[in-house]
Amino acid sequence: MLQMLTWKKIAAGVVFVSLASAVVIAQQQGPARGNHEWAPPVPQGKHHNLAATLETVQWGWLDPREKPKLVVESGDTVSIETMMHSHDKVQPGMTIEQAVDLRKANPGGGPHSMTGPIFVNGAEPGDVLEIRILRIEPKAWAVNFNLPGKDFPTIGALAAEMPEGHIKFFPIDLEKRTVEFKPGIVLDLQPFPGTFAVGIDPEEPAARKGGVKDDPLAPVSTLRPWKNGSNMDINELQEGSTIFLPVFQRGGLIWTGDSHCRQGNGEVNLTALECSYKEIRIQPIVRKDMKVSWPFIETRTHWIATGFNEDLNVAMVNATREAVDWLANQKIVPMSRYEAYGLVSMAGDCRVSQVVDVRKGVHCMIPKSIFTNLKRS
């Protein structure tokens, strides 16, 4: 009898270990790509495709007067193609001198090739666009470069220490979704849109195209992140995530470009693993039941507040304030603003998004796991 009990205990232990191992493996593998089963279900409408052409892609500027390239309904899905920088002029084999020339070819504008805008019926100023990123499929190559510090002394965390420019192209193993940085170093792809925007905020403080100062609808450069999103470079915005953006223009006007295949927080040398996409599939949903003042991101595991400013310290303050305000207003576990401030200090993870886009960024991540009574799918 003792021997039988012992074997039962061993068997039970084996079963427990096997189940635990299965849970660990499942956690490591994660959900199916682009899966939003953690979010409330939304009826899916029609599917649309928007190819990247010289007619559908704008170089470095967000112009609210640009004619929409696609009109969709709330809940429709859209597969968007993107270009490499400077209207696809950045191509394998180009030199750093040519990259510098392209940077100078569009004064004041960003290098980004932005596909759009997409007009969402029903989106009005004061609404929120909830945009779910469902899938990202890169094209076959990527690039990273830093501009010469001797010519661009403020672009890059170590610009003064890197007087020469450097550029390197990388073939992408699309099957393995990896890039070999050099023999002995392999990077897995973690693609996300570096620049994702809705139509411009008329009160955007940045300089407008051509130096215009008295026209609130004058085009705004894609260089700087702002309330409408734009060049946020937040690497959590991968497939399976959702971004909430305040609407400033009728129809929302969605743009995306500056496609990244991977980026470390900070994006310290100016560029990430820059690539372009065969497809970034999104689902925009018009929300008239909520308000956000700045971009807000949700993933399976975190709520993410953002903050931007030319001064990194102020960007940190802005992101912290947004995280505290969100916690103080959420209804899952009501709390005072002082409690929210303490919770961000104890459990929030505030990261430097980037330091190279003139207006620097910080994003504060609040883990969902700390909310023990959060409803799970």
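Here the side chain of Asn235 pairs a donor or acceptor atom with the backbone of Gln263 at under 3.5 angstrom. Not one N or O on the side chain of Asp127 forms a donor-acceptor pair closer than 3.5 Å with the backbone of Ala123.
By the criterion of side-chain heavy atoms lying less than 4.5 angstrom apart, applied directly or through intervening Ile, Leu, Val, Met, Phe, Trp or Tyr residues, Met84 is not grouped with Tyr277; the two fall into different hydrophobic clusters. Under a hydrophobic-cluster definition in which Ile, Leu, Val, Met, Phe, Trp and Tyr are linked whenever side-chain heavy atoms come within less than 4.5 Å, directly or via other members, Val198 and Val247 are assigned to the same cluster.
Using a 3.5 Å distance cut-off with no hydrogens or angles, the side chains of Ser353 and Asp233 do not pair a donor with an acceptor. Side-chain N/O atoms of Thr256 and Thr115 include no donor and acceptor closer than 3.5 Å. With no hydrogens or angles considered, no side-chain donor-acceptor pair links Glu236 and His302 at under 3.5 Å. Remark: the Asp76 side chain and the His48 side chain contain an N/O donor-acceptor pair separated by less than 3.5 Å. Side-chain contact of Asp357 with Asn231: a donor-acceptor pair under 3.5 Å is present, judged by distance alone. Side-chain contact check for His112 and Thr222: at least one donor-acceptor pair (N or O, by modelled atom type) lies under 3.5 Å.
Identified under the salt bridge (Lys or Arg N to Asp or Glu O under 4.0 Å) test for residues 84-100, with sequence neighbours left out: none.
Remark: Lys67 is not positioned above the aromatic ring of Phe119, lacking an NZ or CZ atom under 6.0 angstrom from the ring centre and at most 45 degrees off the axis.
Atom CZ of Arg250 is surrounded by 12 or fewer heavy atoms from other residues, nucleotides or ligands within 6.0 Å.
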Can you check salt bridge (Lys or Arg N to Asp or Glu O under 4.0 Å) on Asp101 and Arg103, steps first, answer last? CA-CA 5 Å; Asp101 289 343; Arg103 186 59 182 256; over 6 Å; no
| task | Go through the steps for Met335 and Leu327 under the test side chain to side chain contact (heavy atoms under 4.5 Å, CB included), then give the verdict. | result | CA-CA 7 Å; Met335 65 184 73; Leu327 282 169; 4.1 Å; yes
**Item:** Stepwise salt bridge (Lys or Arg N to Asp or Glu O under 4.0 Å) check, Glu137 with Lys278
**Value:** CA-CA 6 Å; Glu137 295 294 343; Lys278 290 183 288 187; 5.2 Å; no
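Ring geometry for Trp326 against Trp303 counts as tilted: the plane angle lies between 30° and 60°, on a 0 to 90° scale.
When all heavy atoms of Ala197 and Leu245 are compared, the pair lying nearest together is C-CD1, 4.4 Å.
Taking the six-membered ring for Trp and the full ring otherwise, Trp255 and Phe196 have centroids separated by 6.0 Å or more.
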